[in-house]
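Encoded as structure tokens, the structure appears first; notes follow it.
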Protein chains: 2
Amino acid sequence: MSLQRRRLASCEDLTVPALRRLQGLAPLTDSDREAIRRVGSYRDSLPAGAELQQEGSCGGARIMASGFACRQRVLPDGRRQIFDFLIAGDLIGVAADQPLARTAIAALTPVDTLPAALLRECAADAQRFPGLCAAVARCAHEEQTRLLDHVVRLGRQTGYERTAHLLLELGDRLAAAGLGDRRRFPMPLTQEALADALGLSVVHVNRILQQLRRERLIELRSGEAVLLEREFLMEIADYRPRPSAAA
Amino acid sequence: MSLQRRRLASCEDLTVPALRRLQGLAPLTDSDREAIRRVGSYRDSLPAGAELQQEGSCGGARIMASGFACRQRVLPDGRRQIFDFLIAGDLIGVAADQPLARTAIAALTPVDTLPAALLRECAADAQRFPGLCAAVARCAHEEQTRLLDHVVRLGRQTGYERTAHLLLELGDRLAAAGLGDRRRFPMPLTQEALADALGLSVVHVNRILQQLRRERLIELRSGEAVLLEREFLMEIADYRPRPSAAA
DNA sequence: CGGGGGTTTGACGAACGTCAATCGGGGTGG
DNA sequence: CCACCCCGATTGACGTTCGTCAAACCCCCG
């Protein structure tokens, strides 16, 4: 495995996105926060393309600290379908019983994860870590909600609508993780990754992006996306942010 | 609501499909079986088109006794996406916490359901009803697994492959519920329902079915489907039955 | 004998995929 | 510093899949 584990200097705290994310899902107590902070002493770095988890087997619990990954399935003839993207603050293998949690996971960019075996224990102890438990449940919740949206996108929207919808969703999620805001956020995904998520070909995704640019609805360059006309995009895509609760 | 509740004559036992189905999911004890049988004293009959549940709100717990229903979402412009079909023996609103369980449910044919509030309580009491609990969990499990398969179908398979895949899945499920076998089973779904599940237009579904018929891979008439070349269809659709466990 | 919902068919156009070539930028070795 | 290279982005040409419109058909049922 091309995995690199490093002890962290205390200055670079990779638990920040996770804290921010989980706090957005449920109110956290001090002990909740402390439990999350404790997992931040090591990180595992993986290169783009690495497989974080195989389908079926559920690896150890982890927190995404940086980079982009995806849940995916690869067909025998090489076709790939991406179920969902994973970004900083997302939990892996904490609510490990459901099928969605057992999909294969692959790194789309270089990825840092924090091994979080502790979290799994804490998440089973609702007495001492009420906020953490709620947040973990809500995270699985949101994943499933996104999967439902994904089905509608793939089944009943055009490529143009799908693309707009996905960009809006990514913007909201990244903003919730503290990476940029809903209008402007990091977008290091290749058009191939987008295509495999949207059920389109790379060439067609490229043309759709060109069109969105020509129409001055988005900008997309050097790893950053700008949604110039966010409101209009929301209409096009029939995008309605799902309530994420908490405060 | 166009709901009709009737007391049942003891001769027509509508719990049979549920018993058969749940037994296939987990070994049942006598008390498990008894709990299931007890819900069978009333049935609610709904006509095709009726809404069993609205999106978001999770109605009372029920067991599908007969007929076909579906989980669905309708877009503001009228487009509809079907997430999953519900058949005899399927549980509704028992594992009510996950988003998938809170989708809208509509009857596609006349449907009988058994009000099963009792079941929800039993399913929370793992001491007295171990098999029931396991079966309920596994039912939710299978639903999510089917949703993942559905995403792959919609995103990465052609209409032809999708259709074959869905027919195979329906055959396996109906056989597990004791309705026909995997080669020959009831198929009262309209082509419009198939289209809304497969993300295709009615016309295109019709042409795909015509082709499958011309190629002598299936027969489909008067509410019954026959998979003439099941093995070959499985290859076409890259269909692999998911392990359903138990015995 | 109508009527209505579902199915089937044809004609046409739009959405999307494939193939292939080119372009462009960042990294790397000389 | 520069040439090279590689991966991803872009573009054009062309073919297929799939959607839409509209009409006909069929069957079941009242």
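Predicted model, so just to flag it, every value in this text is computed and none were measured. Chain A is the first sequence line, chain B the second, and so forth, proteins listed ahead of strands; every chain is numbered from 1.
When heavy atoms are screened at a 4.0 angstrom cut-off, A:G223 is found touching no nucleic acid atom at all. Residue A:S201 is classed as a base contact, given a heavy-atom separation below 4.0 Å to a base. Using a 4.0 Å heavy-atom cutoff across all strands shown, B:L209 reaches no nucleic acid atom at all.
Atom C1' of nucleotide C:dC16 and atom CZ of B:R162 are separated by 12 Å, given to the nearest angstrom. One atom, CG of A:L198, and another, C1' of C:dA15, lie 15 Å apart when rounded to the nearest Å. Here the C1' atom of nucleotide C:dC23 and the CG atom of A:N206 are 12 Å apart, to the nearest Å. Going from atom CG of A:D77 over to atom P of C:dT18 covers 10 Å, rounded to whole Å. One atom, CD of A:Q211, and another, C1' of C:dC16, lie 13 Å apart when rounded to the nearest Å. Rounding to whole angstrom units, NE2 of residue A:H204 and C1' of D:dT10 are separated by 15 Å. At whole-Å resolution of the value, CD in B:Q210 and P in D:dC25 are 16 Å apart. Look at CZ on B:R207: it is 11 Å from C1' on D:dC21, rounded to the nearest Å.
Where A:R156 and A:Q191 meet DNA chain D, the nucleotide closest to each residue was compared, and A:Q191 sits on the side nearer the 5' end. Heavy-atom distances to DNA chain C give each of A:T158 and A:S222 a nearest nucleotide, and the one nearer the 5′ end belongs to A:T158.
Side-chain contact, B:R73 with B:Q81: no donor N or O sits under 3.5 Å from an acceptor N or O. Side-chain contact of B:H150 with B:R153: a donor-acceptor pair under 3.5 Å is present, judged by distance alone.
By the 4.0 Å N-to-carboxylate-O rule, B:R240 lies too far from B:D149 to be salt-bridged with it. In summary, B:R173 and B:D84 engage in a salt bridge, as defined by a charged side-chain N under 4.0 Å from a carboxylate O.
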Test A:Y160 against A:E215 for side chain to side chain donor-acceptor pair (under 3.5 Å), laying out the working first.
-> CA-CA 12 Å; A:Y160 187 74; A:E215 297 169 336; 2.3 Å; yes
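At least one side-chain nitrogen or oxygen of A:R213 sits closer than 4.0 Å to the OP1 or OP2 atom of D:dT10.
Comparing D:dG8, C:dG6, D:dC18 by their nearest atom to the side chain of B:T190 picks out C:dG6.
You won't find any donor-acceptor pair under 3.5 Å spanning the side chain of A:R221 and the base of C:dG25, going by distance alone.
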